[in-house]
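Note that the numbering runs from 1 along the sequence shown for the chain. Every number for a ligand or one of its atoms is a count from 1 in the order of the listing.
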Amino acid sequence: MSETSPKLRAELEGIPTYKPGKPAAGAAAGGRVAYKLSSNENPYPPLPGVMETVAAAAGSFNRYPDMACTGLMSELADRFAVPLTHLSTGTGSVGVAQQLLQATSGPGDEVIYAWRSFEAYPIITQISGATPVQVPLTPGDVHDLDAMADAVTERTRLIFVCNPNNPTGTVVRRAELERFLDRVPRDVLVVLDEAYREFIRDPQVPDGVEIYRQRPNVCVLRTFSKAYGLAGLRVGFAIAHEPVAAALRKTAVPFGVSQLAQDAAVASLRAEDELLGRVGSLVCERTRVVEALRGQGWTVPETQANFVWLRLGERTVDFAAACEQAGVVVRPFPGEGVRVTIGETEANDIFLKTTEGFRKEL
Ligand SMILES: *Cc1c(COP(=O)(O)O)cnc(C)c1O
C-alpha cells in the first residue's frame with residue numbers, strides 16, 4: 001500500500017467480512033435444480049397482495065420515503081402495545097443492532113455475546129471499536145448464561161442474547177433468562193435478538209417483549225426478514241425504553257428504510273394469518289427433518305428456528321461439498337459444522353438423502 005493512501009481506523013484491521021450464504025444459481029452440476037438452504041430465508045415467494053403493495057409503492061421511488069416510518073410504527077405500536085417512543089425501525093435488525101453499538105460502545109468498552117452465535121456480532125462490535133468478549137456455548141450448544149454473567153466487568157456496555165441462537169437453533173428459557181438478567185447491572189444494555197421468534201413452539205421460551213416491559217435495560221430486536229419473507233427489502237425494528245430508543249433515532253441512517261419496505265411490512269402484518277400459516281408448515285418440516293436426522297443416527301440439538309445445526313467437525317467442508325453436488329447449498333462453518341435452513345420439501349429431502357449417504361461413510 002502506498003504511503004499516501006487515506007488513513008483508516010485501526011479497528012477495521014482484522015475484521016472478518018460478512019459471509020453471505022452461497023447463492024443457489026449454478027451450484028448443482030448437470031443442470032439440476034439447486035436450492036438455497038444457506039441463509040435462513042423464507043422459501044415461499046412473496047404473497048400476491050404484498051407484491052401488489054410493493055409494486056404500487058414503486059411508482060413513487062423518485063421520492064424519499066417517510067423518514068419516520070409513520071404507518072409501520074403505528075401498526076407496530078398497536079400490535080405490541082408499546083408507546084411509539086419505544087420503537088425504532090432500521091435497515092434490517094442487523095442495521096438496528098449496529099445502531100445499538102454506535103449508541104453504547106466504543107474503544108475500551110466490552111461487548112459480550114455467546115460463541116458460536118450470529119456472525120454479524122463480532123463484525124459490528126469490532127467496527128464500533130469495542131472489544132468482543134465471546135463466551136463459549138455449553139457442550140449442548142446452548143448459551144452459557146452463568147458464564148456470560150460472570151464475564152461482565154465495569155467496561156461491559158452491551159450483551160447480545162440470540163434466542164433462538166443462530167446457527168445452533170437452541171433457546172434459553174424464561175427462568176434462566178430472568179436469573180441472568182437479575183445478575184446484569186442495570187446500566188448494561190441486554191439485547192434480545194429474536195429474529196426467529198415466530199418459529200418458536202417451546203412454551204417455556206419467553207417473549208422478549210414481555211421481558212422488556214419489566215426491565216429498562218432490555219431491548220428486543222425483531223425482523224421482517226425471516227417469518228415474514230421480506231429479507232430483500234431490509235426492514236427490522238427494536239423495542240426499547242428511553243433513552244435507548246431515543247439513541248436509536250439519533251443513530252439511524254436518514255431515510256434508511258425504503259417506502260417499499262415500509263409498505264410491504266405493513267401489508268405483511270395485515271396478512272399475518274397467511275404468513276404464520278406458512279411458518280407453521282415450515283415448523284412441521286423442521287420436525288420431520290430433525291426426526292429423520294435422529295433416525296439416521298445424528299445428534300441434533302433441539303432447534304426452535306427455521307434451521308438445523310449439524311456438528312461435523314473436520315468433515316464439515318466435505319459435507320457441504322456433497323450437499324452442493326446433490327443440489328442444495330448449505331452454510332458451512334469450517335471445522336465446526338453446517339447450518340441448514342428448512343426449505344422446500346424437495347430441498348429438505350435432498351439434504352436428508354445426503355446426510356444418510358454421509359452417515360454410512362462415517
Ligand atoms: C437473520 C438474522 C437477523 C436478521 O437480519 P436482518 O438484518 O433483519 O435481515 C438478525 N439476527 C439474527 C440472529 C439472524 O439470524
Exercise for the section: Apply ring pair (Phe, Tyr, Trp, His ring centres under 6.0 Å) to the pair Tyr35 and Phe351, showing each step before the final yes or no. Expected result: CA-CA 10 Å; Tyr35 294 97; Phe351 164 60; over 10 Å; no
Exercise for the section: Carefully, step by step, assess Arg183 and Asp150 under the rule salt bridge (Lys or Arg N to Asp or Glu O under 4.0 Å). Expected result: CA-CA 9 Å; Arg183 285 188 64 194; Asp150 291 342; 2.6 Å; yes
Problem - Closest protein heavy atom to atom 11 (N) of ligand 1, given as residue, atom name and distance to 0.1 Å - result: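 Checking every protein heavy atom, the shortest distance to atom 11 (N) of ligand 1 gives Asp193 OD2, 2.8 Å.
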Practice task
If you have a sec, work out which protein heavy atom is nearest atom 15 (O) of ligand 1 and how many Å separate them, to one decimal?
Solution key: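 The closest one turns out to be Tyr196 OH, 2.5 Å.
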Handout entry: Geometric class of the Phe358/Trp298 ring pair [parallel <30°, tilted 30-60°, perpendicular >60°]
Key =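 Because their plane-to-plane angle is under 30°, the rings of Trp298 and Phe358 count as parallel.
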Handout entry: Parallel, tilted or perpendicular: ring planes of Phe160 versus Tyr121, cut at 30 and 60 degrees
Key =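 Rings of Phe160 and Tyr121: parallel, under 30°.
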Would you mind listing which atoms of ligand 1 come within a distance below 4.0 Å of any non-hydrogen atom of [X]?
X	result
Lys226	1 (C), 2 (C), 3 (C), 4 (C), 14 (C), 15 (O)
Ala195	2 (C), 3 (C), 10 (C), 11 (N), 12 (C), 14 (C)
Asn166	13 (C), 14 (C), 15 (O)
Cys162	13 (C)

Problem - Identity of the nearest option to atom 4 (C) of ligand 1, non-hydrogen atoms only, from Ser93, Gly95, Ser225 - result: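 Closest candidate by heavy-atom distance is Ser93.
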Handout entry: Closest candidate by heavy atom, reference atom 8 (O) of ligand 1, pool Val235, Thr91, Thr223
Key =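 Comparing heavy atoms across Val235, Thr91, Thr223, the nearest one to atom 8 (O) of ligand 1 lies in Thr223.
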Problem - Those residues that, when tested against Arg9, pass salt bridge (Lys or Arg N to Asp or Glu O under 4.0 Å) (two or more places apart) - result: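 Arg9 satisfies salt bridge (Lys or Arg N to Asp or Glu O under 4.0 Å) with Glu11 only.
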Practice task
Give me the one residue out of Asn165, Asp193, Asn166, Thr168 that meets side chain to side chain donor-acceptor pair (under 3.5 Å) with Ser117.
Solution key: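 When Asn165, Asp193, Asn166, Thr168 are each tested with Ser117, the side chain to side chain donor-acceptor pair (under 3.5 Å) holds only for Asn165.
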Practice task
Report yes or no: does a heavy atom of Ala231 sit under 4.0 Å from some atom of ligand 1?
Solution key: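 Distance cut 4.0 Å: Ala231 fails for ligand 1.
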Exercise for the section: Decide whether an N or O pair under 3.5 Å exists between Gly92 and ligand 1. Expected result: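 So ligand 1 has no N or O lying under 3.5 Å from an N or O of Gly92.
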Handout entry: Geometric N/O contact Arg234 with ligand 1, under 3.5 angstrom
Key =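 It does: an N or O of Arg234 is found under 3.5 Å from an N or O of ligand 1.
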Exercise for the section: Would you mind checking if Glu242 and Arg249 are paired as a salt bridge, meaning a charged N to carboxylate O distance below 4.0 Å? Expected result: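 So Arg249 pairs with Glu242 through a salt bridge.
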Problem - Which atom of Pro167 lies closest to which atom of Phe333, heavy atoms considered - result: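 Closest approach of Pro167 to Phe333, heavy atoms only: CB-CE1, 3.8 Å.
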